[in-house]
Amino acid sequence: MDEYDYINIEERWRKEWEENDIHKTKKDEEKTPFYVIFAYPGISGFLHLGHMRCYTYTDIIARYKEMKGYNVLFPGGTHPTGNQAISLSKKLREGDEEKISYMKKNGASQEDIERMKDPEEVVKYFNELYKKDYWKKFGFSMDLDYFTYTTREDYKKFIDWQFRKLKEKDLLIQKPYYGTECVECGPVAVDPSETDLSKGGTAEKQEFTLLKFEYGNRYVTAATLRPETVFGQTNLWVDPEVEYVVVKVDDEEWIMSEEAADKLKYQKGSIEKIDTVKGESMIGDSVKAPGIKRDIVILPASFTDPDFGTGIVTSVPSDAPYDWIALKDIKDDEELKEKYSLDIEELEPIDIIESDQWGTSSAEKIIQEMDIGSQEDEEKLEEATKKIYKSGFHTGKMLDSCGDYAGMRVQEAKEKIKEDLIEMGKADVIYDLSEEAICRCGGKVVVGKIPDQWFIRYSDRELTEDSIEHVKNMTVKPQSYADNLPTTVEWFRDRSCARKGNWMGTEFPFDEGWLVEAIADSTLYPAFYVIARHYNKGDIEAEQMNEEFFDFVFLGEDDAEEVSKSTGIPQGKLREIRSDFEYWYPLDLNLGGKEHMTVHFPVFLMNHVAVLDKEDRPRGIFVNWWLVGKGGKISKSKGGAEPIQDAAERYGVDALRLFYAHSASPFVDKEWSEEEAFNYQRKLNSFWDLVESIRDMDGQKKEIDDYLKSRFNELVKRYHEVMDDYEIRKGANIAFYDLPSEIDWYLKRGGQNSALLNELGEKIVRMITPFTPHIAEELADRWKVEFVTKEPLPRYEEDEFDPEAEAREEYIKRVHSDIKSILDIADVEGNKIYIYVAEGWKKKALDRIMKEKDKGMGIMGELVKEMDAPSKELAPFVKEALDDVTKKKDQKLLKADFEEKEVLERSKEYLEKSFEAEVKIADAGGEDHYDPKGRASKSKPKKPAIYIE
RNA sequence: GCGGGGGUACCCGAGCAUGGCCAAAGGGGCAAGGCUUAGGACCUUGUUGCGUAGGCAUCCGAGGGUUCAAAUCCCUCCCCCCGCACCA
């Protein structure tokens with residue numbers, strides 16, 4: 001018996017598949033096509049075990065469909081669009097130690113690093129790495145002849161065409177936009193995945209109302225998220241230590257922190273710094289507060305952050321816990337008051353809002369309730385602020401102190417006051433991030449105004465309605481997402497689709513200097529893989545891919561002759577490409593992580609609806625959740641971050657694939673666990689041993705064979721059901737757990753039919769193939785199967801279903817378990833076991849009772865006459881039997897028709913061995929059997945009486 | 001706030017649509033025993049309590065209801081998680 005040597009086995013089959021072109025895919029009109037992709041990865045560096053989860057699901061589905069007889073296309077590509085490659089090579093050029101050691105640790109050589117100082121080389125390097133070290137290494141059945149990436153010339157032609165179509169359909173517009181951008185390299189995404197960032201992924205873009213306080217001929221500015229609180233203003237907070245700047249905005253002079261001014265220029269265009277003013281010099285002065293006819297005083301504070309808002313804060317002590325406590329502190333600080341000669345005894349909070357939970361004076365109340373002692377207790381103050389805001393925003397009403405706004409709900413007043421203040425020229429709107437964010441290139445991330453941003457008009461009514469209509473007919477997994485997707489599409493707003501700056505991608509066709517944004521160029525790409533294959537073969541050139549070409553291939557417009565003239569591509573070739581597209585499209589399934597639910601999948605869908613013909617709209621979406629490290633993101637310290645090639649060797653590719661497939665449903669986040677990965681390695685080991693031991697059997701047919709055949713057959717049926725529904729985990733469970741445990745049981749019960757075991761052994765190997773193809777090929781090899789990958793899956797056979805055989809086996813299992821429970825509690829030696837099968841009259845009576853259970857105990861009378869039974873026993877038996885029958889308990893077993901005594905006799909050996917005891921079987925009604933305690937009379941059909949001594 | 005998903009034994013996790021073989025699959029962990037080594041093993045058994053006869057009691061977030069019968073259906077409450085946009 002050979003050992004399971006996964007390293008060599010996996011190596012061997014990778015080679016065999018490659019050398020025999022096993023994954024090459026071509027059109028075959030005889031077969032139904034099945035086209036599946038995963039959302040291609042960006043070029044962001046080395047991938048980790050988390051990324052492989054989605055790809056593995058895709059491969060499992062692709063392989064399953066293939067073995068079901070579909071002609072499967074499973075291509076792949078990459079998405080270098082963006083600035084990730086650029087910033088990586090920039091870091092390498094700068095000799096960034098951390099980056100270089102990261103590259104080396106993941107296997108990059110010195111030469112690799114040298115050449116990657118050119119961003120194009122970064123793309124090439126990772127393209128090859130993804131293909132070879134990730135996808136092929138994992139045994140994916142991808143056909144990489146279809147490979148493409150988004151910064152290649154041919155792909156750019158495709159994107160160019162797509163945008164022309166969108167324009168034709170009037171789906172491109174321009175309007176102003178405030179977006180997050182890096183001051184060095186242009187627009188970046190601020191999001192928790194931190195694709196573009198090195199810090200600050202959880203920052204939120206916030207809209208502030210910029211309040212302007214008249215201060216001589218200048219304005220002091222303060223940014224607030226709560227313009228509705230202006231009526232409660234009592235003072236301004238300024239840090240005496242900070243040097244503020246005076247900037248010229250239009251014709252006005254504004255005072256704010258230097259950081260704020262730096263950020264503001266991205267929103268206001270050029271602003272000019274004309275002066276500086278030290279915070280200290282303003283303390284004690286009065287300013288005229290906007291929106292209210294009152295002067296308020298400038299007071300010193302240290303909690304203001306020059307890098308947040310304008311660095312100057314307006315104070316509303318009634319509703320802002322920070323302000324309340326700062327005001328209290330300053331009132332108690334005699335020294336400070338002396339220093340700035342402040343007279344602030346009169347300064348008291350002004351109630352402006354009444355909410356359900358806090359009533360009025362909410363800041364004071366919450367500070368007492370939460371027992372907040374000082375300004376320094378920032379954590380508690382943040383929490384208090386949030387609580388008050390939440391309650392105030394949803395349930396609050398403006399009080400009489402709020403002038404015209406008195407009585408309004410806070411939600412309304414907020415908008416109204418903001419608008420009115422802006423109208424009166426006493427306020428403006430600015431944007432800022434809730435926390436600091438830093439780009440991967442090291443630049444600071446700010447919010448900038450783009451006056452003429454290009455958008456794709458996803459809000460279009462017709463497009464939205466069409467898309468929603470289509471979604472309803474798609475296969476979307478999981479169900480919760482299927483339920484949500486129509487709402488998501490409905491709610492999908494216009495989305496910016498072009499950008500400027502340091503960026504790899506396609507030039508925007510209608511505006512020089514703009515490049516197509518990263519999401520906008522990856523919506524229709526499954527269609528392009530079909531063309532990429534012909535480009536890769538060298539049959540067509542990028543320059544030949546003009547508008548007519550794509551119109552012809554994707555939309556079937558124009559005739560081949562004309563298109564051939566304008567493109568220079570032979571007519572035959574054009575027709576071939578068009579028919580490839582017609583054959584493969586629409587896409588059957590697109591798989592991606594849960595991060596795509598609200599961005600990628602909706603645009604993927606809507607662009608298909610907008611650009612392609614109705615029959616080419618995608619048929620399915622499969623969303624998988626993430627693999628996470630302990631307590632969150634995958635990282636070095638939390639696990640899952642080791643290089644994929646290392647993991648593949650350590651655990652084995654098949655073990656990892658099984659880990660993904662079986663350790664959790666695809667629709668939950670799964671915590672990475674080394675332990676579990678090793679467990680799956682061991683699982684494969686024992687699977688291997690089981691199959692090997694099966695092959696050594698040389699016995700003949702026995703009764704138990706029928707049971708195994710029947711159970712196996714049922715599980716095959718179930719396997720197809722769950723796999724057709726993409727229930728990958730359940731499928732793996734049947735193949736790796738349910739089926740082997742049935743075989744285990746069969747062997748335990750003395751089954752050893754060589755022919756049957758070999759037949760089923762081969763079938764089960766086929767069933768594991770989609771999950772763990774390497775070990776499957778190796779095992780299938782024993783049966784001289786050339787490539788199990790290319791073999792069909794076993795099918796459900798109606799005539800092998802044998803409920804009687806299953807009932808008989810169930811019967812034995814029960815007798816076994818009854819004996820066992822008696823042995824567990826009874827104080828007996830257990831050397832001899834007597835089993836008494838129920839008398840014939842009991843069986844007859846039971847049959848009658850089952851047929852006429854509606855009669856209840858009324859049936860007694862009839863039975864007394866008909867049955868030749870001891871009257872003392874009949875009554876209690878009927879009562880119990882009625883109970884059993886109405887409880888629906890054990891119906892299958894009760895209805896089964898077999899001779900209990902014979903079945904027991906045939907299983908006697910098993911029972912004796914199992915309990916190491918002598919087993920004797922007798923008829924309960926018999927005359928001369930040994931039964932010292934009179935147990936026999938307790939026998940019931942399918943539940944024999946037992947006596948043990 | 002808007003939208004969605006959940007709470008099952010030590011842990012993970014099935015079951016819930018179609019109430020009844022559900023003291024509740026499977027895996028992991030743990031414990032006991034076996035094997036004496038395929039060692040980051042393997043095999044058996046146990047893992048709510050009680051019970052010297054195959055049984056009984058209690059149990060699926062909490063409380064209530066419907067029913068002959070509830071993890072499953074209905075109501076109320078508590079708690080947790082996810083998405084909310086320029087991230088493929």
Side-chain angles (χ1 to χ4, degrees), chain A residues 1 3-4 38-42 44 77-79 81-82 150 177 179-180 187-197 201 205 390 393-394 411 453 455 478-481 483-484 487-488 491-497 499 517-523 525 590 592-604 625 662-665 667-671 673-683 685-686 688-689 729-730 733 737-738 741 810 814-815 817-828 884 886-894 933 935 938 943-948:
Chain A
M1 193 151 95
E3 282 185 25
Y4 171 47
F38 54 74
Y40 52 23
S44 57
T78 67
H79 183 249
T81 305
T150 58
Y177 176 72
T180 47
V188 290
V190 173
D191 75 279
S193 69
E194 300 197 333
T195 315
D196 296 346
L197 304 180
K205 185 173 73 181
K390 201 169 177 178
F393 182 76
H394 297 291
Q411 291 181 43
Q453 174 67 51
F455 287 83
Q479 186 56 40
S480 59
Y481 185 53
D483 295 341
N484 262 330
T487 328
T488 309
W491 175 70
F492 213 85
R493 299 196 295 259
D494 296 347
R495 192 182 170 92
S496 68
C497 61
R499 46 165 294 152
E517 183 272 337
I519 297 191
D521 79 349
S522 36
T523 58
Y525 66 92
N590 184 357
K594 66 174 181 181
E595 69 278 19
H596 300 314
M597 290 198 291
T598 49
V599 182
H600 169 64
F601 286 129
V603 297
F604 153 75
W625 266 233
H662 186 260
S663 75
S665 149
F667 316 125
V668 293
D669 285 338
K670 170 67 195 172
E671 208 169 85
S673 151
E674 256 183 46
E675 277 303 316
E676 273 187 73
F678 281 120
N679 274 328
Y680 283 107
Q681 194 183 73
R682 271 179 255 139
K683 177 70 205 175
N685 233 317
S686 62
W688 174 276
D689 290 350
R729 182 176 196 240
K730 288 180 181 168
N733 201 59
Y737 292 87
D738 295 345
S741 76
E810 181 62 24
R814 287 195 183 221
V815 172
S817 122
D818 280 350
I819 294 172
K820 194 165 164 10
S821 34
I822 294 167
L823 285 171
D824 280 349
I825 45 165
D827 187 18
V828 290
D884 291 346
T886 48
K887 262 197 257 164
K888 273 194 190 168
K889 217 181 161 192
D890 304 335
Q891 290 300 295
K892 263 191 209 157
L893 186 53
L894 284 178
K933 294 259 173 104
R935 302 277 177 200
K938 291 175 77 178
K943 190 163 178 73
I946 296 162
Y947 173 67
I948 302 174

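In this text the structure is predicted, and so the values were computed from the model without any measurement. Note on naming: letters A, B, ... go to the chains in the order of the sequence lines (proteins, then strands), and numbering restarts at 1 for each one.
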J.: So which nucleotide from B/rG40, B/rG3, B/rA53 ends up closest to the side chain of A/Asn484?
T.: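 The nucleotide sitting nearest to the side chain is B/rG3.
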J.: How close or far is atom P of B/rG26 from atom CG of A/Asn733, stated in whole angstroms?
T.: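 After rounding, the reported distance stands at 10 Å.
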J.: For A/Asn679, report the nucleic acid contact type (base, sugar-phosphate, nothing); a contact means any heavy atom under 4.0 Å.
T.: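 Sugar-phosphate, no base atom in range.
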J.: Rounding to the closest angstrom, what is the interatomic distance between B/rC22 and B/rU72 at atom C1'?
T.: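 These two C1' atoms come out 11 Å apart once rounded.
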J.: Any chance you could measure A/Asn679, atom CG, to A/Glu674, atom CD, to the nearest 0.5 Å?
T.: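 Atom-to-atom, A/Asn679:CG and A/Glu674:CD are 11.5 Å apart.
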J.: Could you check which of B/rU52, B/rG40, B/rA88 has an atom nearest any side-chain atom of A/His79?
T.: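 That would be B/rA88.
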J.: Could you give the NZ-to-P distance, from A/Lys683 to B/rG27, as a whole number of Å?
T.: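 After rounding, the reported distance stands at 8 Å.
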J.: According to the Watson-Crick and G-U wobble definitions, with both distances under 3.5 Å, which nucleotide is paired to B/rG3?
T.: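 Partner of B/rG3: B/rC82.
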J.: Between P on B/rG55 and CG on A/Asp818, what's the gap in Å once rounded to a whole number?
T.: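 Taking atom P of B/rG55 as the reference, CG of A/Asp818 is at 6 Å.
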J.: How many whole angstroms separate atom NZ of A/Lys594 from atom P of B/rA85?
T.: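 Between P of B/rA85 and NZ of A/Lys594: 16 Å.
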J.: How is A/Pro944 classified with respect to the nucleic acid when contacts are heavy atoms under 4.0 Å: base, sugar-phosphate, or nothing?
T.: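 It contacts base atoms.
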J.: If we call it a pair only when both distances are under 3.5 Å in a Watson-Crick or G-U wobble match, what pairs with B/rG49?
T.: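 Checking every strand shown, B/rG49 finds its partner in B/rC56, with both distances under 3.5 Å.
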J.: Looking only at atom C1', what distance separates B/rA24 and B/rA70, rounded to whole Å?
T.: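 Nearest-Å result for B/rA24 against B/rA70 at atom C1': 13 Å.
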J.: B/rA38 pairs with which nucleotide, Watson-Crick or G-U wobble, both distances below 3.5 Å?
T.: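 For B/rA38, the partner nucleotide comes out as none, under the 3.5 Å rule.
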J.: Applying the Watson-Crick and G-U wobble criteria at under 3.5 Å, what pairs with B/rU18? Answer none if nothing qualifies.
T.: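 Paired with B/rU18, as far as the under-3.5 Å criterion goes, is no nucleotide at all.
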J.: Ignoring backbone atoms, test whether A/Arg495 places a side-chain nitrogen or oxygen under 4.0 Å from the OP1 or OP2 oxygen of B/rA85.
T.: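 For B/rA85, OP1/OP2 do not have a side-chain N/O of A/Arg495 under 4.0 Å.
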J.: Find the distance A/Phe604:CZ to B/rA88:C1' and express it as a whole number of Å.
T.: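 Atom-to-atom, A/Phe604 to B/rA88, this comes out as 12 Å.
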J.: Give the rounded distance in Å between these two atoms: CG of A/Asn685 and C1' of B/rG39.
T.: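 So the CG-C1' distance, A/Asn685 to B/rG39, works out to 11 Å.
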J.: For the atom pair OG (A/Ser663) and CZ (A/Arg729), what is the distance rounded to the nearest 0.5 Å?
T.: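 If we round to the nearest 0.5 Å, A/Ser663:OG and A/Arg729:CZ are 7.5 Å apart.
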J.: Which part of the nucleic acid does A/Tyr481 contact within heavy-atom distance under 4.0 Å: base, sugar-phosphate only, or nothing?
T.: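 Nothing: the residue A/Tyr481, judged by heavy atoms under 4.0 Å, touches no strand.
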J.: Rounded to the nearest 0.5 Å, how far does OG1 of A/Thr523 lie from CD1 of A/Ile519?
T.: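 Result: 10.5 Å between the selected atoms.
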J.: Passes salt bridge (Lys or Arg N to Asp or Glu O under 4.0 Å), A/Lys820 versus A/Asp824? Steps please.
T.: CA-CA 6 Å; A/Lys820 194 165 164 10; A/Asp824 280 349; 3.5 Å; yes
J.: Would you please name every residue forming a side-chain hydrogen bond (donor to acceptor under 3.5 Å, both in side chains) with A/Thr150, sequence neighbours left out?
T.: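 Once residues adjacent in sequence are excluded, the partners of A/Thr150 under the side-chain hydrogen bond (donor to acceptor under 3.5 Å, both in side chains) criterion are A/Thr81.
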J.: Return the nearest nucleotide to the side chain of A/Phe492; candidates are B/rA85, B/rG54, B/rA53.
T.: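 Shortest atom-to-atom distance from the side chain points to B/rA85.
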J.: When all nucleic acid strands are considered with a 4.0 Å heavy-atom cut-off, which category describes A/Tyr680: base, sugar-phosphate, or nothing?
T.: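 Nothing: the residue A/Tyr680, judged by heavy atoms under 4.0 Å, touches no strand.
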J.: Which is true for A/Ile819 with a 4.0 Å heavy-atom rule: it touches a base, it touches only sugar-phosphate, or it touches nothing?
T.: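 It contacts nothing in the nucleic acid.
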J.: Please tabulate, one pair per line, each protein N/O and nucleotide N/O from nucleotides 5-16 of chain B that are separated by under 3.5 Å, including the distance.
T.:
unit_1 : atom_1 : unit_2   : atom_2 : d
B/rG13 : O2'    : A/Arg729 : NH1    : 3.4
B/rG15 : OP1    : A/Lys730 : NZ     : 3.3

J.: Both A/Trp491 and A/Ser817 contact RNA chain B. Which one's nearest nucleotide lies toward the 5' end?
T.: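 Closer to the 5' end of RNA chain B: A/Ser817.
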J.: Let's test this: given Watson-Crick or G-U wobble pairing with both distances under 3.5 Å, identify the partner of B/rA32.
T.: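 Partner of B/rA32: B/rU44.
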J.: Does B/rC77 have a Watson-Crick or wobble mate here (both distances under 3.5 Å), and if so which one?
T.: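 Looking at the geometry, B/rC77 pairs with B/rG61.
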J.: Considering only the P atoms, how many Å lie between B/rA9 and B/rA62, rounded to the nearest integer?
T.: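 It works out to 10 Å between them.
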J.: Within this structure, what is the CD1-CD1 distance for the pair A/Ile946 and A/Ile819, rounded to the nearest 0.5 Å?
T.: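 Answer rounded to 0.5 Å: 5.0 Å.
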J.: Measure from the side-chain heavy atoms of A/Ser821 and tell me the nearest of B/rU52, B/rA85, B/rG54.
T.: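 Among the listed nucleotides, the one closest to the side chain of A/Ser821 is B/rG54.
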J.: If you look at every strand shown and take non-hydrogen atoms under 4.0 Å, does A/His596 touch a base, only sugar-phosphate, or nothing?
T.: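 Answer is base: heavy atoms of A/His596 come under 4.0 Å of a base.
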J.: Can you tell me how far apart CZ (A/Arg495) and CD (A/Glu517) are? Round to the nearest 0.5 Å.
T.: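 Between A/Arg495 CZ and A/Glu517 CD, I get 6.0 Å after rounding to 0.5 Å.
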J.: I want to verify a distance call: between B/rG40, B/rU52, B/rA88, whose nearest atom is closest to the A/Phe678 side chain?
T.: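 In terms of side-chain proximity for A/Phe678, the closest of B/rG40, B/rU52, B/rA88 is B/rG40.
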J.: Taking the same atom, P, in B/rC50 and in B/rG1, what whole-Å distance lies between them?
T.: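 One P to the other, the span is 47 Å.
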J.: Between B/rC82, B/rC84, B/rC86, spot the one nearest the side chain of A/Tyr177, thanks.
T.: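 It is B/rC86.
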J.: Which nucleotide in the set B/rA85, B/rC86, B/rC42 lies at the smallest distance from any side-chain heavy atom of A/Arg682?
T.: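 In terms of side-chain proximity for A/Arg682, the closest of B/rA85, B/rC86, B/rC42 is B/rC42.
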J.: Would you mind telling me which of B/rC86, B/rA85, B/rG27 lies closest to the side-chain atoms of A/Tyr737?
T.: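 Nearest nucleotide to the side chain: B/rG27.
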J.: Can you name the ring-ring contact (aromatic ring centres under 6.0 Å, His included) partners of A/Tyr40, sequence neighbours left out?
T.: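 Counting only residues at least two positions away or on another chain, A/Tyr40 forms a ring-ring contact (aromatic ring centres under 6.0 Å, His included) with A/His79, A/Tyr525.
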J.: Just compare B/rU45, B/rC84, B/rC82 and give me whichever is closest to any side-chain atom of A/Lys820.
T.: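 Of the candidates, B/rU45 comes closest.
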J.: Write down the distance separating the P atoms in B/rG46 and B/rG28, rounded off to the nearest Å.
T.: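 Approximately 16 Å lies between the P atom of B/rG46 and that of B/rG28.
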J.: With rounding to whole Å, what would you report as the distance between B/rC60 and B/rG7 at their C1' atoms?
T.: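 About 10 Å, rounded to a whole number of Å.
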J.: Scan A/Ser496 against the nucleic acid and name what it touches under 4.0 Å (heavy atoms): base, sugar-phosphate only, or nothing.
T.: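 Base, at least one base atom sits under 4.0 Å.
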J.: Atom CD of A/Glu517 and atom P of B/rC86: how far apart are they, to the nearest Å?
T.: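 One finds 10 Å between P of B/rC86 and CD of A/Glu517, rounded.
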J.: Report, as yes or no, whether the 6.0 Å neighbourhood of atom NZ on A/Lys933 holds more than 12 heavy atoms from other residues, nucleotides or ligands.
T.: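 Not more than 12 within 6.0 Å, no.
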J.: Between A/Tyr481 and A/Phe601, how do the two ring planes meet: parallel, tilted or perpendicular, split at 30° and 60°?
T.: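 Geometry flag for A/Phe601 against A/Tyr481: tilted rings.
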J.: For B/rA14 and B/rA23, measure between their C1' atoms and round to the nearest Å.
T.: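 16 Å, rounded to whole Å.
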J.: Looking for any heavy atom pair under 4.0 Å, which part of the strands does A/Arg499 touch: base, sugar-phosphate only, or nothing?
T.: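 The residue A/Arg499 makes no contact with any strand.
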J.: Are A/His596 and A/Phe604 close enough that their ring centers fall under 6.0 Å?
T.: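 Ring centroids of A/His596 and A/Phe604 are no less than 6.0 Å from each other.
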J.: Output the single nucleotide from B/rC82, B/rA41, B/rC21 whose closest atom is nearest the side chain of A/Arg814.
T.: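 Selected nucleotide (nearest to the side chain): B/rC21.
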J.: Nearest-Å distance, CG (A/Asp824) to P (B/rA32)?
T.: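 A/Asp824 atom CG is separated from B/rA32 atom P by 19 Å.
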J.: For A/Ala518, answer base if it contacts any base atom (sugar-phosphate contacts may also be present), sugar-phosphate if it contacts only those atoms, and nothing otherwise; contact means non-hydrogen atoms under 4.0 Å.
T.: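 Sugar-phosphate contact only - A/Ala518 comes under 4.0 Å of backbone atoms but never of a base.
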J.: Looking only at atom P, what distance separates B/rC12 and B/rU67, rounded to whole Å?
T.: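 The answer is 36 Å between these two P atoms.
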